Trainee: 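Have a look at the structure that comes next, please.
All values derive from a computational prediction rather than experimental measurement.
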Amino acid sequence: MKTATAKSDLLSSFALKIIACLLMTLDHAALLFVDPVNQYPIYYALRAIGKISFPIFAYLAFRGAYQTHNARNYLLRLFFLSIALDAFSFLLGGIRHIPIADNPLVGNAFTDMFLGVLLVTLLKRKDRFSFLAILPIAYAFFSTVAISPEYGTLFKTDWGFFSIILFLSFFIGKEICDYLLVYKAKSDGVDDRLYLDESGFFYEKVTSCVALFFTEALFYLIFRLDNTSFLLPNQFVPIGTYSLLAVVFILLSSPKKGYASKYIQYGFYAYYPFHILLLGVIAIGLGYL
């Protein structure tokens with residue numbers, strides 16, 4: 001069974017994380033320091049480029065849900081980081097007397113990734129516990145429902161319903177891919193693992209790109225039908241739609257981890273709160289918050 005392989009596998013997981021972190025920092029810096037009215041071209045460009053980061057993080061988190069040897073610990077790390085970041089954001093907003101609905105730091109990507117990984121972890125069990133996958137879906141849905149002008153949405157996430165649909169699409173794509181590879185292996189009279197190990201990653205990243213394209217198209221269709229829909233992420237059109245460009249990095253990804261150690265792993269976890277804290281402090285010092 002011949003497939004495209006190493007020539008297109010240029011970016012390790014380490015490299016993808018570095019790229020996503022840099023893009024995310026651009027997004028958050030623009031959000032805090034660039035005037036969306038008087039400096040709109042700069043704001044638009046930086047935020048559009050920055051939006052590419054989330055699908056990369058989501059893709060890596062999705063892969064992590066399948067590769068982790070301890071799903072509980074993985075979920076707990078995402079959960080506690082999500083809670084800690086929002087606690088800091090609520091505290092900062094309270095000190096600066098910023099209404100929760102207007103606080104750009106409330107609602108973070110770790111919440112989206114926690115919900116997505118929880119969804120995938122439950123669904124891939126394929127047992128009675130899989131029905132609990134409705135819970136992260138419901139949470140993501142209600143994170144789009146505003147309950148008051150001052151508080152904003154009931155629950156706090158970064159990408160709302162978009163992210164849970166993206167994770168669900170990733171999961172469906174991988175399940176279809178694995179099923180077809182296993183079917184092909186049985187038809188050829190070879191061991192399932194042969195095709196899954198040799199070709200699985202290539203088809204997985206291709207189907208992940210298809211999943212991202214489907215999710216983007218679905219939410220763009222929602223926008224075209226009703227551009228006031230509460231399901232749409234903030235500024236999804238036009239800025240958020242640039243996140244589709246993440247397919248370039250996903251297609252170039254490799255199954256290799258790259259530089260890997262506990263210090264590297266926790267360093268990436270620490271970078272998100274560190275850069276939020278640093279940017280927040282700078283923004284306060286310069287009078288932007």
Trainee: Thr228 and Asp226: side chain to side chain donor-acceptor pair (under 3.5 Å), yes or no, with the steps?
Mentor: CA-CA 5 Å; Thr228 64; Asp226 178 13; 2.6 Å; yes
Trainee: Could you state the interatomic distance from CD1 (Ile250) to CD (Glu204), rounded to the nearest 0.5 Å?
Mentor: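 Here the interatomic distance stands at 10.5 Å.
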Trainee: For Phe268, which of Phe274, Phe14, Tyr263 qualifies under ring pair (Phe, Tyr, Trp, His ring centres under 6.0 Å)?
Mentor: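 Testing Phe268 for a ring pair (Phe, Tyr, Trp, His ring centres under 6.0 Å) against Phe274, Phe14, Tyr263 leaves exactly one candidate, Phe14.
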Trainee: Passes side chain to side chain donor-acceptor pair (under 3.5 Å), Arg63 versus Ser13? Steps please.
Mentor: CA-CA 10 Å; Arg63 280 172 53 184; Ser13 294; 3.1 Å; yes
Trainee: Would you say Phe219 ends up clustered with Val210 if hydrophobic residues are merged whenever their side chains have heavy atoms under 4.5 Å apart, either directly or through other cluster members?
Mentor: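 No, because Val210 and Phe219 fall into different hydrophobic clusters, even though each may have its own neighbours under 4.5 Å.
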Trainee: Between Ser243 (side chain) and Gly240 (backbone), is there a donor-acceptor pair under 3.5 Å?
Mentor: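 Yes, because the side chain of Ser243 sits within donor-acceptor range (under 3.5 Å) of the backbone of Gly240.
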Trainee: Membership question, hydrophobic clusters at under 4.5 Å side-chain separation (ILVMFWY): are Leu22 and Leu31 in the same one?
Mentor: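 Shared cluster, no.
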Trainee: Please check this pair: side chain of Thr153 against backbone of Lys156, looking for a donor-acceptor N/O pair closer than 3.5 Å.
Mentor: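 Side chain of Thr153 to backbone of Lys156, a donor-acceptor pair under 3.5 Å: no, none is there.
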Trainee: For the residue pair Phe142 and Phe155, categorise the inter-ring angle as parallel (less than 30°), tilted (30 to 60°) or perpendicular (more than 60°).
Mentor: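 Answer is perpendicular, since the angle exceeds 60°.
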Trainee: Roughly how far, to the nearest 0.5 Å, is the OG atom of Ser253 from the CD1 atom of Ile56?
Mentor: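 Answer rounded to 0.5 Å: 9.5 Å.
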Trainee: Taking all non-hydrogen atoms of both residues, which atom of Tyr40 and which atom of Pro36 are closest, and how far apart?
Mentor: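 Minimum heavy-atom separation between Tyr40 and Pro36: CD1-O, 3.1 Å.
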Trainee: Do you know the tightest heavy-atom contact between Cys209 and Val247?
Mentor: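 In this case the closest contact between Cys209 and Val247 is SG-O, 3.7 Å.
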Trainee: Between OG of Ser89 and CD1 of Ile100, what distance do you get to the nearest 0.5 Å?
Mentor: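 CD1 of Ile100 is found 11.0 Å from OG of Ser89.
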Trainee: Check the hydrophobic clustering (I, L, V, M, F, W, Y; side-chain heavy atoms under 4.5 Å; chains of links allowed) and say if Phe201 and Tyr179 are grouped together.
Mentor: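 Yes, Phe201 and Tyr179 fall within the same hydrophobic cluster.
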Trainee: Is there a donor-acceptor pair closer than 3.5 Å between any side-chain N or O of Ser82 and the backbone N or O of Leu78?
Mentor: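 It does not hold such a pair.
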Trainee: Please say whether the positively charged group of Lys174, taken as NZ for Lys or CZ for Arg, lies over the ring of Phe62, i.e. under 6.0 angstrom from the six-membered ring centre and within 45 degrees of the axis.
Mentor: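 No, Lys174 does not sit over the ring of Phe62.
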Trainee: So do Leu11 and Ser254 actually touch side chain to side chain, heavy atoms under 4.5 Å?
Mentor: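 Not touching, per the 4.5 Å side-chain cut-off.
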Trainee: Sort out for me which residue in Leu166, Leu168, Ile172 forms a side chain to side chain contact (heavy atoms under 4.5 Å, CB included) with Phe170.
Mentor: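 With Phe170 as partner, Leu166, Leu168, Ile172 yield a single side chain to side chain contact (heavy atoms under 4.5 Å, CB included), made by Leu166.
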Trainee: Under a 4.5 Å side-chain heavy-atom rule over Ile, Leu, Val, Met, Phe, Trp and Tyr, are Leu286 and Leu32 clustered together?
Mentor: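 Yes, Leu286 connects to Leu32 through the hydrophobic network.
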Trainee: Any side-chain heavy-atom pair from Tyr139 and Ile164 closer than 4.5 angstrom?
Mentor: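 No, their side chains stay 4.5 Å or more apart.
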Trainee: Kindly give the heavy-atom pair with the smallest separation between Leu122 and Ser130, and that separation in Å.
Mentor: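 Minimum heavy-atom contact is O-OG, 2.6 Å.
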Trainee: Would you check if the side chain of Asp112 reaches a backbone N or O of Asp158 as a donor-acceptor pair within less than 3.5 Å?
Mentor: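 Checking the backbone N and O of Asp158 against the side chain of Asp112, a donor-acceptor pair under 3.5 Å is found.
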Trainee: Can you tell me which residue among Phe141, Phe236, Tyr220, Phe167 is in a ring pair (Phe, Tyr, Trp, His ring centres under 6.0 Å) with Phe162?
Mentor: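 Exactly one candidate clears the test, Phe236.
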Trainee: Apply the test side chain to side chain donor-acceptor pair (under 3.5 Å) to residues Tyr271 and Thr25: give CA-CA distance (whole Å), side-chain angles for both, the deciding distance (0.1 Å), then the verdict.
Mentor: CA-CA 10 Å; Tyr271 180 77; Thr25 303; 2.5 Å; yes
Trainee: List the atom of Asp86, the atom of Gly107, and the distance in Å for their closest heavy-atom pair.
Mentor: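 Here Asp86 and Gly107 meet closest at OD1-N, 2.8 Å.
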Trainee: Considering only NZ, NE, NH1 and NH2 on the basic side and carboxylate oxygens on the acidic side, decide whether Asp27 and Arg47 come within less than 4.0 Å.
Mentor: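 Counted as a salt bridge, because a side-chain N and a carboxylate O are separated by less than 4.0 Å.
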Trainee: For Phe230, I'd like to know if atom CZ has over 12 heavy atoms of other residues, nucleotides or ligands within 6.0 Å.
Mentor: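 Atom CZ in Phe230 is packed in, count exceeds 12.
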Trainee: Report the distance from atom OH of Tyr183 to atom CG of Asp188, rounding to the nearest 0.5 Å.
Mentor: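 Tyr183 atom OH to Asp188 atom CG measures 10.5 Å (nearest 0.5 Å).
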Trainee: Output, in order, the C-alpha distance, side-chain angles, deciding distance and verdict of side-chain contact (heavy atoms from CB on, under 4.5 Å) for Lys17 and Gln265.
Mentor: CA-CA 10 Å; Lys17 289 175 183 177; Gln265 178 185 8; 5.9 Å; no
Trainee: Quick check for you: to the nearest 0.5 Å, what is the distance between Thr157 atom OG1 and Phe114 atom CZ?
Mentor: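 Reported to 0.5 Å precision, the distance equals 13.0 Å.
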Trainee: For the atom pair CG (Leu46) and CD (Gln39), what is the distance rounded to the nearest 0.5 Å?
Mentor: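 That separation rounds to 10.0 Å.
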Trainee: Given side chains that start at C-beta, do those of Val120 and Val117 come closer than 4.5 Å, heavy atoms only?
Mentor: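 Answer no - side chains too far apart.
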Trainee: For the pair Arg193 and Asp191, find out whether any cationic side-chain nitrogen is under 4.0 Å from an anionic carboxylate oxygen.
Mentor: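 The answer is no: the pair does not qualify as a salt bridge.
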Trainee: For the residue pair Leu16 and Phe57, establish whether any side-chain heavy-atom pair is separated by less than 4.5 Å.
Mentor: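 Side-chain contact under 4.5 Å: no.
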Trainee: Report, as yes or no, whether the 6.0 Å neighbourhood of atom NZ on Lys262 holds more than 12 heavy atoms from other residues, nucleotides or ligands.
Mentor: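 No.
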Trainee: Ignoring hydrogens, what is the shortest heavy-atom contact between Gly152 and Ala101? Give both atom names and the distance.
Mentor: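 Smallest heavy-atom distance, with atoms named: N-CB, 3.7 Å.
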Trainee: With clusters defined by side-chain heavy atoms of hydrophobic residues (ILVMFWY) lying less than 4.5 Å apart, directly or transitively, does Val248 cluster with Tyr59?
Mentor: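 Yes; Val248 is reachable from Tyr59 via cluster members.
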Trainee: Of all the heavy-atom pairs spanning Lys205 and Leu251, show the shortest one and how long it is.
Mentor: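 Minimum heavy-atom contact is NZ-O, 2.8 Å.
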Trainee: Should the ring pair His275 and Tyr272 be called parallel, tilted or perpendicular, given that the plane angle runs from 0 to 90° and is split at 30 and 60?
Mentor: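 Geometry flag for Tyr272 against His275: perpendicular rings.
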Trainee: Let me see the working for Val237 and Asn227 under side-chain contact (heavy atoms from CB on, under 4.5 Å), right down to the final yes or no.
Mentor: CA-CA 9 Å; Val237 176; Asn227 61 17; over 6 Å; no
Trainee: Is the NZ or CZ atom of Lys186 both under 6.0 Å from the centre of the six-membered ring of Tyr195 and within 45° of that ring's axis?
Mentor: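 Ring-cation test returns no.
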Trainee: Kindly indicate whether the side chain of Leu119, heavy atoms from C-beta on, has any atom under 4.5 Å from the side chain of Phe171.
Mentor: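 Answer no - side chains too far apart.
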Trainee: Both conditions, 6.0 Å and 45 degrees, for the charged tip of Lys124 above the ring of Tyr66: are they met here?
Mentor: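 Judged by the rule, Lys124 and Tyr66 form a cation-pi pair.
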Trainee: side-chain contact (heavy atoms from CB on, under 4.5 Å), that's the test. Do Asp35 and Tyr43 meet it? Break it down for me.
Mentor: CA-CA 7 Å; Asp35 187 340; Tyr43 177 86; over 6 Å; no
Trainee: Could you give me the CA-CA distance, side-chain angles and deciding distance for Glu216 and Thr241, then say whether side chain to side chain donor-acceptor pair (under 3.5 Å) is met?
Mentor: CA-CA 7 Å; Glu216 296 274 0; Thr241 51; 5.8 Å; no
Trainee: With ring pair (Phe, Tyr, Trp, His ring centres under 6.0 Å) as the test, pick out the partner of Phe54 among Phe110, Trp159, Tyr242.
Mentor: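 With Phe54 as partner, Phe110, Trp159, Tyr242 yield a single ring pair (Phe, Tyr, Trp, His ring centres under 6.0 Å), made by Trp159.
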